[in-house]
Amino acid sequence: MEIKAPRGTSDILPEKAGIWQFLERRAISLFERYGYRRIITPIFEYTELFRQGIGESTDIVQKEMYTFRDRRGRSLTLRPEATAPVVRAFLEHDLLKHSQPVKLYYIGPMFRYERPQAGRYREFWQIGVEAIGSLDPALDGEVILLLMHYLKDVGLKHLQLHLNSMGCFKCRPSFTESLEGYLQPRIGEFCSDCKRRIKLNPLRVFDCKKEACQNLLSNAPRILDHLCEDCKVHFHEVQEYLKMMDLNHVINPSLVRGLDYYTRTTFEVISPHLGAQNALGGGGRYDNLVEGCGGPPTPATGFALGTERVAMALEKEGVSLPKDSTLDVFLAIVGRDQKPDGFALLSRIREEDIAADMDYGGRSLKGQMKLADKLGVSYALFLGSKELGRGVCRIRDMKTGEQVEVKLEEVPKWLKIHLK
RNA sequence: GUGACCGUAGCUCAAGUGGUCAGAGCAUUGGACUGUGGCUCCAAAGGUUGGGGGUUCAAGUCCCCUCGGUCACCCCA
């Protein structure tokens, strides 16, 4: 084979696709129960959307976007995340005119040009929600609760919820100022990455994993001490909602998410089993994004979770997933001569919504039985010249080995009854 | 983008310091049971050892390049 899947991408083969289906179906059913409705936006957007929405200074925009020009020379970008596209669609279709908040969810692949690593790929899948048009702290609570509910629902047990508040446009500037006042005199003591962070976005020094840097930060001003009255109250109420629902969480003042649009509540759910890329999902409030995209001031909140990471965590925790829906019936023919009649019978069975299949590999009868066994069907049908001559079909119960004869035209009905 | 390790049949892996070292298990197909599954046994098929170049009498085994993977950093899902 010459051509392989591009770096950082992978084929999701049937076995794994089964997990995908499971995760997506659970999300759909749960999110809809919380009142969210699906939105499907394009895989690519005008590059400008992400530059404006996510922020020029972010790593995503700086170095991770799959950007290309179309035949008319327009700059397009494969979406690196879905929040900006959802907000764009929200504005483009005047969903502002609907009752607020508008609660949406999405499922699909995202693209970021990064060096692949465990839990990080160039094409990866996200499941996420966005609730646009409300400042209510209860909505923050709902979104976080939904995220946790979902992860528990699919079978995960070991989860850590981290929570922080990033303040708003009123209180963050003064905090950033005092943080810079603290950092500048010590800038020489920080690692080279932090030096860069201090210049670009001082808040991010909190993200550094190096102990030396963290020690230097032990007396640094904390955003939580600098929240304005409104943000303080909001954050307090969000926590009250979480406590009310017995959601354990830790306040993590260094939870500074890398996208510029976050305000106030930010959160992340971490799995202890995952290695360096251990965030299963995360999100927060983004009260400035809608306005930043050209709309009126509109508060919003949401989260995204990584399908691959959730799947990895499920595997690590040894969660057994419901078996892929398999076939119920396998039709075996004794000789080639019965193929047309077998084909017709199979089709009639399928028309009754019964999952059934037959052999197309020219297998011997025994080979067909082995296949039937491997497929885990409940019943095997035998069609040979003897049966056909009498207008019947032999049905074998694969568990007990018992066999009965059923008239051909009654086979679908018989199966329907016995498969119940 | 930086660093470390790695790349042998579909899958998981074996092949002392370069010389019958290209193998096993699982999976696949067939057979033992010529109209019937799950166990067992037998057999077959399957690899230009990621690709390219080099050193050598001789390379899966050494060197270089390239493509990919893994893990970490940066950062994020």
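Chain identifiers are assigned alphabetically (A, B, ...) following the order of the sequence lines, protein sequences preceding nucleic acid strands; residue numbering begins at 1 within each chain. Excluded from the calculations below are hydrogen atoms, water molecules and symmetry mates; all remaining heavy atoms, backbone and side chain alike, are included.
When the P atom of B:U28 is taken as reference, atom CG of A:Asp359 falls 14 Å away, rounded to whole Å. Look at NZ on A:Lys386: it is 11 Å from C1' on B:U36, rounded to the nearest Å. For A:Glu15 and B:U12, the CD to C1' distance is 14 Å, given to the nearest whole Å. Distance A:Leu255 CG to B:A77 P: 10 Å, rounded to the nearest Å. Look at OH on A:Tyr379: it is 17 Å from C1' on B:U36, rounded to the nearest Å. For the pair A:Glu405 CD and B:G35 P, the computed distance is 17 Å after rounding to whole Å. Atoms CD (A:Glu114) and P (B:G1) sit 12 Å apart, rounded to a whole Å. Rounded to a whole Å, the CD1 atom of A:Ile107 is 15 Å from the C1' atom of B:A77.
Side-chain contact, A:Thr77 with A:Thr67: a donor N or O sits under 3.5 Å from an acceptor N or O. In this model, a donor atom of one side chain and an acceptor atom of the other lie less than 3.5 Å apart for A:His234 and A:Asp140. Using modelled atom types, one finds a donor on one side chain and an acceptor on the other under 3.5 Å when comparing A:Arg396 with A:Gln403.
Between A:Asp373 and A:Arg309, the one whose closest nucleotide on RNA chain B sits nearer the 5' end is A:Asp373. Comparing A:Gly275 and A:Ala5 by the nucleotide of RNA chain B whose heavy atom lies nearest to each, the residue mapping closer to the 5' end is A:Ala5.
Across all strands, A:Arg7 comes closer than 4.0 Å only to sugar-phosphate atoms, never to a base (heavy-atom distances). Nucleic acid contact class of A:Gly362 (heavy atoms, under 4.0 Å, all strands): none. The residue A:Lys374 sits close only to the backbone: its heavy atoms come under 4.0 Å of sugar-phosphate atoms, none of a base. A:Glu81 comes within 4.0 angstrom of nothing in the nucleic acid, heavy atoms only. Among the protein residues, A:Glu387 comes within range of the nucleic acid bases, having at least one heavy atom under 4.0 Å from a base atom. Using a 4.0 Å heavy-atom distance criterion, A:Gly401 is classed as a base contact. Nucleic acid contact for A:Gly335: none, since no nucleic acid atom lies under 4.0 Å from a heavy atom of the residue. In this structure, A:Thr307 reaches neither bases nor backbone, as no heavy-atom distance under 4.0 Å exists between it and the strands shown. When heavy atoms are screened at a 4.0 angstrom cut-off, A:Leu280 is found touching the sugar-phosphate backbone but no base atom.
Not a single donor-acceptor pair, N or O on each side, falls under 3.5 Å between the base of B:A72 and the side chain of A:Gln277. One N or O donor and one acceptor, one from the side chain of A:Arg396 and one from the base of B:G37, sit under 3.5 Å apart. With hydrogens and angles ignored, no donor-acceptor pair closer than 3.5 Å exists between the side chain of A:Gln117 and the base of B:G69. One N or O donor and one acceptor, one from the side chain of A:Arg112 and one from the base of B:A77, sit under 3.5 Å apart. No hydrogens or angles were tested; on distance alone, a donor-acceptor pair under 3.5 Å links the side chain of A:Arg115 to the base of B:U2. On a pure distance criterion of 3.5 Å, a polar donor-acceptor pair joins the side chain of A:Gln403 and the base of B:U36.
Rounding to the nearest 0.5 Å places CE of A:Met358 at 10.0 Å from CD of A:Gln338.
Taking atom P in both B:U17 and B:C62, one finds a spacing of 9 Å when rounded to whole Å. Nucleotides B:A24 and B:A15 are separated by 15 Å at their P atoms, to the nearest Å. One P atom belongs to B:C73, the other to B:G50, and the distance between them is 29 Å to the nearest Å. Comparing the P positions of B:C13 and B:G46 gives an interatomic distance of 24 Å, to the nearest angstrom. Here the separation of B:U49 from B:G68, taken at their C1' atoms, is 16 Å to the nearest Å. Nucleotides B:A9 and B:U56 place their P atoms 29 Å apart, quoted to the nearest Å. Between the P atoms of B:G37 and B:C71, the separation comes to 44 Å (whole Å). Distance noted for atom P between B:A45 and B:G10: 15 Å (whole Å).
Residue-nucleotide stacking is not present for A:Trp125 and B:A77, judged by a side-chain ring centre under 5.5 Å from the six-membered base ring centre and planes under 30° apart.
Checking B:G18 for Watson-Crick or G-U wobble geometry (two distances, each under 3.5 Å) identifies no partner in any strand. Nucleotide B:C73: paired with B:G1 (Watson-Crick or G-U wobble, both distances less than 3.5 Å). In this structure, B:G38 forms no base pair with any nucleotide, since neither Watson-Crick nor G-U wobble geometry is met with both distances under 3.5 Å. Pairing of B:A58, defined by two Watson-Crick or G-U wobble distances under 3.5 Å, is not identified with any nucleotide. Nucleotide B:U8: unpaired (no Watson-Crick or G-U wobble partner with both distances less than 3.5 Å).
In this structure, of B:A77, B:G35, B:G37, it is B:G37 that holds the atom nearest to the side chain of A:Met369. Listed nucleotides: B:U29, B:G35, B:A77. Nearest to the side chain of A:Ala279: B:A77. Nearest to the side chain of A:Phe124, among B:G30, B:C71, B:A77, sits B:A77. Among the nucleotides B:A77, B:G37, B:G35, the one closest to the side chain of A:Ser385 is B:G35. Among the nucleotides B:A77, B:G31, B:G50, the one closest to the side chain of A:Lys4 is B:G50. With B:G1, B:A77, B:G30 as the candidates, the nucleotide lying closest to the side chain of A:Tyr113 is B:G1. Minimum atom distance to the side chain of A:Arg120 is reached by B:C73, of the listed B:G35, B:G30, B:C73.
Between A:His249 and A:His162, a ring centre-to-centre spacing not shorter than 6.0 Å is recorded. Checked against the 6.0 Å centroid criterion, the rings of A:Tyr105 and A:Tyr36 do not qualify as a close aromatic pair.
Around the CZ atom of A:Phe68, the shell of radius 6.0 Å holds more than 12 heavy atoms that belong to other residues, nucleotides or ligands.
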Any chance you could lay out the ring-ring contact (aromatic ring centres under 6.0 Å, His included) test for A:Phe111 and A:Phe44, step after step, and finish with the verdict?
CA-CA 10 Å; A:Phe111 306 84; A:Phe44 56 85; over 10 Å; no

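For the salt bridge (charged side-chain N to carboxylate O under 4.0 Å, His left out) criterion with A:Lys103, the lone passing option out of A:Glu32, A:Glu142, A:Glu130 is A:Glu142.
Comment: A:Asp353 does not engage A:Lys416 in a salt bridge, judged by the lack of any side-chain N to carboxylate O separation of less than 4.0 angstrom.
Close to B:U29, at under 4.0 Å from its OP1 or OP2, lies a side-chain N or O of A:Arg363.
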